[in-house]
Student: 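Here's a structure for you.
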Amino acid sequence: MDPFFHRFSELFKQLGLPSDIESIRLFLRAHSPLASDIALENAPFWSPAQSALLRDELMRDADWAEVVDQLNAALRSSKQD
């Protein structure tokens, strides 16, 4: 079976967030850097449903896990342009 890769915009849609490039940039700027002692799914800016989606995808190591990891890395960065 071929691996399936999701885009950031698709993850943002799954999270119920605006998914255009500018909205994603604004989200990352507004919420970065996320402190290293806070797990991505426990960040205070997620709704309970968003937190659950992120937690479930990471725990199941689902096909969404890679893009969730990318979001995690992006939110840990202090550089957002």
Side-chain angles (χ1 to χ4, degrees):
M1 177 180 269
D2 292 332
F4 188 76
F5 298 102
H6 294 285
R7 297 180 183 170
F8 247 29
S9 59
E10 294 168 338
L11 177 59
F12 274 66
K13 284 179 188 175
Q14 287 292 314
L15 291 166
L17 298 170
S19 58
D20 60 280
I21 292 171
E22 187 58 25
S23 293
I24 293 171
R25 284 184 184 146
L26 290 172
F27 180 90
L28 293 174
R29 267 191 235 136
H31 299 294
S32 294
L34 181 60
S36 62
D37 62 336
I38 299 174
L40 175 66
E41 64 274 14
N42 295 332
F45 46 82
W46 301 123
S47 72
Q50 291 168 326
S51 180
L53 177 104
L54 293 167
R55 184 178 304 106
D56 291 347
E57 296 304 324
L58 288 170
M59 283 179 30
R60 293 183 316 148
D61 198 24
D63 58 339
W64 287 97
E66 184 174 340
V67 74
V68 172
D69 286 340
Q70 291 171 1
L71 175 60
N72 188 33
L75 285 166
R76 306 292 175 176
S77 174
S78 58
K79 285 182 161 181
Q80 300 299 327
D81 42 27

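Treat the numbers as computed from the prediction; the structure is a model and nothing was measured.
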Student: To the nearest 0.5 Å, tell me how far E57 CD sits from D69 CG.
Tutor: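 Rounded to the nearest 0.5 Å, the CD-CG separation comes out at 11.5 Å.
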Student: Compile the donor-acceptor pairs under 3.5 Å between side chains in residues 33-43 and protein atoms, sequence neighbours left out, one pair per line.
Tutor:
unit_1 : atom_1 : unit_2 : atom_2 : d
N42    : OD1    : R55    : NH2    : 3.4

Student: Taking all non-hydrogen atoms of both residues into account, name the closest pair between A74 and S32 and its distance.
Tutor: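 Smallest interatomic distance, heavy atoms only, reads O-OG, 3.5 Å.
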Student: So how far is it from Q50 CD to L11 CG, rounded to the nearest 0.5 Å?
Tutor: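 These two atoms lie 9.5 Å from each other.
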Student: Do L53 and F45 sit in one hydrophobic cluster, given that two such residues count as connected whenever their side-chain heavy atoms are within less than 4.5 Å of each other, even indirectly?
Tutor: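 Yes: a chain of side-chain contacts under 4.5 Å links L53 to F45.
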Student: side-chain hydrogen bond (donor to acceptor under 3.5 Å, both in side chains) with N72: which residues, sequence neighbours excluded?
Tutor: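 Checked N72 against side-chain hydrogen bond (donor to acceptor under 3.5 Å, both in side chains); matches are R76.
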Student: Mind checking whether L28 and F8 have side chains closer than 4.5 Å, heavy atoms only?
Tutor: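 Touching, per the 4.5 Å side-chain cut-off.
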Student: Roughly how far apart are L75 CG and L71 CG, rounded to 0.5 Å?
Tutor: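 One gets 4.5 Å once the value is rounded to the nearest 0.5 Å.
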Student: Can you confirm whether V67 sits close enough to F12 that some side-chain heavy atom of one is under 4.5 Å from a side-chain heavy atom of the other?
Tutor: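 Answer no - side chains too far apart.
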Student: Mind checking whether I24 and L17 have side chains closer than 4.5 Å, heavy atoms only?
Tutor: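 Not in contact.
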Student: Before you tell me yes or no, could you show the steps for W64 and D56 under side-chain contact (heavy atoms from CB on, under 4.5 Å), namely the whole-Å CA-CA distance, both residues' side-chain angles and the distance that decides it to 0.1 Å?
Tutor: CA-CA 10 Å; W64 287 97; D56 291 347; over 6 Å; no
Student: Quick one: pull up CG in L26 and NE2 in H31 and give me the separation to the nearest 0.5 Å.
Tutor: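 It is 10.0 Å, given to the nearest 0.5 Å.
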Student: Considering residues at least two apart in sequence or located in another chain, which fulfil the side-chain hydrogen bond (donor to acceptor under 3.5 Å, both in side chains) criterion with Q70?
Tutor: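 Scan of Q70 (side-chain hydrogen bond (donor to acceptor under 3.5 Å, both in side chains), adjacent residues dropped) gives none.
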